[in-house]
Amino acid sequence: MRRILVIGSPGAGKSTLARRIAERLDLPLIHLDREYFGPDWIMPSRAEWREKVAQLASRPAWVMDGNYSSTFDIRVPRATDIVWLDIPRWRCLTGVAWRVAKNYGRVRSDLGPGCVERFDWSFMRWVWSYPDRMRGKTARLLERLRARQRVYILRSRTEIPALEAELVSYRGAA
């Protein structure tokens, strides 16, 4: 069964890409932000979160989006395909700003219930610092994958149609 993990900076387009892949391959979709955040942005304890992620990752097939590097050790070994959206920070900041403007005051489908879209300076700082904090860790993680795991590193959103076509072409092989 296929298990496709989509990772990258906030604002890179993970949720949108994961939704498109899940639809094209007819796979269950798991948005980790929806699973992580409870009503009004309540967060689980570390132990609760790891248990929840272990349950989600143990499913036979999925497309899962979300970074949550503290659970890479649970999700990455289960993934058959890993898509890293290594998009420039300015594009990610633009993506977050656009998403906030478009959805401000509403709950997005990829978030938990009662998580109303808002603007948050600390989140914007996290997006800006993401490449400095996470890029090296992610690159090292991907260097240690098993030979049968397929990795796709996209540095531009223009590469997405080719990725989708390649993932669909593996449909019968998985």
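Predicted model, so just to flag it, every value in this text is computed and none were measured.
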Participant: Testing the basics here: between Ala22 and Leu29, what is the closest heavy-atom pair and its distance to 0.1 Å?
Facilitator: CB-CB, 3.9 Å
Participant: With a 4.5 Å limit on heavy-atom distance, are the side chains of Leu5 and Val76 in contact?
Facilitator: yes
Participant: Applying a strict under-4.5 Å side-chain criterion to I, L, V, M, F, W and Y, I'd like to know whether Leu141 and Ile82 cluster together.
Facilitator: yes
Participant: Please determine if Asp110 and Arg99 form a salt bridge, counting it only when a charged side-chain N lies under 4.0 Å from a carboxylate O.
Facilitator: no
Participant: Under 3.5 Å, is there a donor-acceptor pair between the Glu48 and Ser45 side chains?
Facilitator: yes
Participant: Walk me through it: do Val151 and Trp84 pass the test side chain to side chain contact (heavy atoms under 4.5 Å, CB included)?
Facilitator: CA-CA 8 Å; Val151 177; Trp84 179 21; 5.7 Å; no
Participant: Calculate, to the nearest 0.5 Å, the distance between atoms CG and CD1 belonging to Leu85 and Ile160 respectively.
Facilitator: 6.0 Å
Participant: Under a single-linkage definition using a 4.5 Å side-chain heavy-atom cutoff for Ile, Leu, Val, Met, Phe, Trp and Tyr, are Met134 and Val6 assigned to the same hydrophobic cluster?
Facilitator: no
Participant: Counting distance only, does the side-chain N/O of Asp86 pair as donor-acceptor with the main-chain N or O of Ile153 below 3.5 Å?
Facilitator: no
Participant: Are any of the side-chain heavy atoms of Ile7 and Phe72 separated by less than 4.5 Å?
Facilitator: yes
Participant: For Pro10 and Phe123, which heavy atoms make the closest approach, and how far apart are they?
Facilitator: CB-CZ, 3.4 Å
Participant: Compare all side-chain heavy atoms of Arg118 with those of Val100 and state whether any distance is below 4.5 angstrom.
Facilitator: no
Participant: Quick one: CG on Leu32 to NZ on Lys14, what's the gap to the nearest 0.5 Å?
Facilitator: 9.5 Å
Participant: In terms of hydrophobic clusters joined by side-chain contacts under 4.5 Å, are Trp98 and Val96 together?
Facilitator: no
Participant: Verify, without hydrogens or angle tests, whether Gln149 (side chain) and Leu142 (backbone) share a donor-acceptor contact under 3.5 angstrom.
Facilitator: no
Participant: Is there a salt bridge (Lys or Arg N to Asp or Glu O under 4.0 Å) between Arg50 and Asp73? Walk through the geometry before answering.
Facilitator: CA-CA 10 Å; Arg50 288 183 61 79; Asp73 64 312; 2.7 Å; yes
Participant: With no hydrogens and no angle check, is any side-chain donor or acceptor of Arg140 less than 3.5 Å from a backbone partner on Gly136?
Facilitator: yes
Participant: With a 3.5 Å distance limit and no angle check, can you tell me whether Glu23 reaches the backbone of Arg20 through a side-chain donor-acceptor pair?
Facilitator: no
Participant: Would you say that Arg108 contacts Leu111 through its side chain, given a criterion of any heavy-atom pair below 4.5 Å between the two side chains?
Facilitator: yes
Participant: Identify the heavy atoms of Ile87 and Arg155 that sit nearest to each other, and give their distance.
Facilitator: CD1-C, 3.8 Å
Participant: Run the side chain to side chain contact (heavy atoms under 4.5 Å, CB included) check on Leu167 and Arg24 step by step: do they pass?
Facilitator: CA-CA 9 Å; Leu167 288 173; Arg24 290 200 61 187; over 6 Å; no
Participant: I'd like to know if the side chain of Trp62 reaches the main chain of Ala57, judged simply by a donor and an acceptor atom lying under 3.5 Å from each other, with no hydrogens or angles considered.
Facilitator: yes
Participant: If you take all heavy atoms of Arg157 and Arg91, which pair is closest and at what distance?
Facilitator: NH2-O, 3.8 Å
Participant: I'd like to know if Arg2 pairs up with Asp81 as an ion pair, taking the criterion as any Lys NZ or Arg NE/NH1/NH2 lying under 4.0 Å from an Asp or Glu carboxylate oxygen.
Facilitator: yes
Participant: How many angstroms lie between CG in Leu27 and CD1 in Ile21, if you round to the nearest 0.5 Å?
Facilitator: 9.5 Å
Participant: Shortest non-hydrogen contact from Ala54 to Ile74?
Facilitator: CA-CG2, 3.7 Å
Participant: Quick one: do Val107 and Met43 end up in the same hydrophobic cluster if we chain Ile, Leu, Val, Met, Phe, Trp and Tyr together by side-chain heavy atoms under 4.5 Å apart?
Facilitator: no
Participant: Let me confirm one number: the OG1-CZ distance from Thr80 to Arg148, rounded to the nearest 0.5 Å.
Facilitator: 10.0 Å
Participant: Flag yes if Val63 and Val168 sit in one hydrophobic cluster, no otherwise; membership is Ile, Leu, Val, Met, Phe, Trp, Tyr, and two members link when side-chain heavy atoms are under 4.5 Å apart.
Facilitator: yes
Participant: Taking side chain as C-beta onward, heavy atoms only, is Arg89 less than 4.5 Å from Asp132?
Facilitator: yes
Participant: Roughly how far, to the nearest 0.5 Å, is CG of Leu163 from OG1 of Thr158?
Facilitator: 11.5 Å
Participant: Hey, what do you get for CD1 (Ile42) to CZ (Phe37), rounding to the nearest 0.5 Å?
Facilitator: 11.5 Å
Participant: Is any side-chain heavy atom of Leu17 closer than 4.5 Å to one of Val83?
Facilitator: yes
Participant: In the structure I gave you, are the side-chain heavy atoms of Leu56 and Met64 within less than 4.5 Å of one another anywhere?
Facilitator: yes
Participant: Considering all heavy atoms of both residues, which atom of Ser9 and which atom of Val127 are nearest to each other, and what is their separation?
Facilitator: OG-CG1, 4.0 Å
Participant: Hydrogens and angles aside, do Asp120 and Ser122 bring a side-chain donor and acceptor to less than 3.5 Å of each other?
Facilitator: yes
Participant: Could you tell me if the side chain of Tyr104 sits less than 4.5 Å from the side chain of Arg106, heavy atoms only?
Facilitator: no
Participant: Determine yes or no for a side-chain-to-main-chain donor-acceptor pair under 3.5 angstrom, with Arg59 supplying the side chain and Arg3 the backbone.
Facilitator: no
Participant: Check for me whether Arg133 meets the cation-pi criterion with Trp126, that is, NZ or CZ under 6.0 Å from the six-membered ring centre and within 45 degrees of the ring axis.
Facilitator: no
Participant: What do you reckon, are the aromatic ring centroids of Tyr68 and Tyr36 less than 6.0 Å apart?
Facilitator: yes
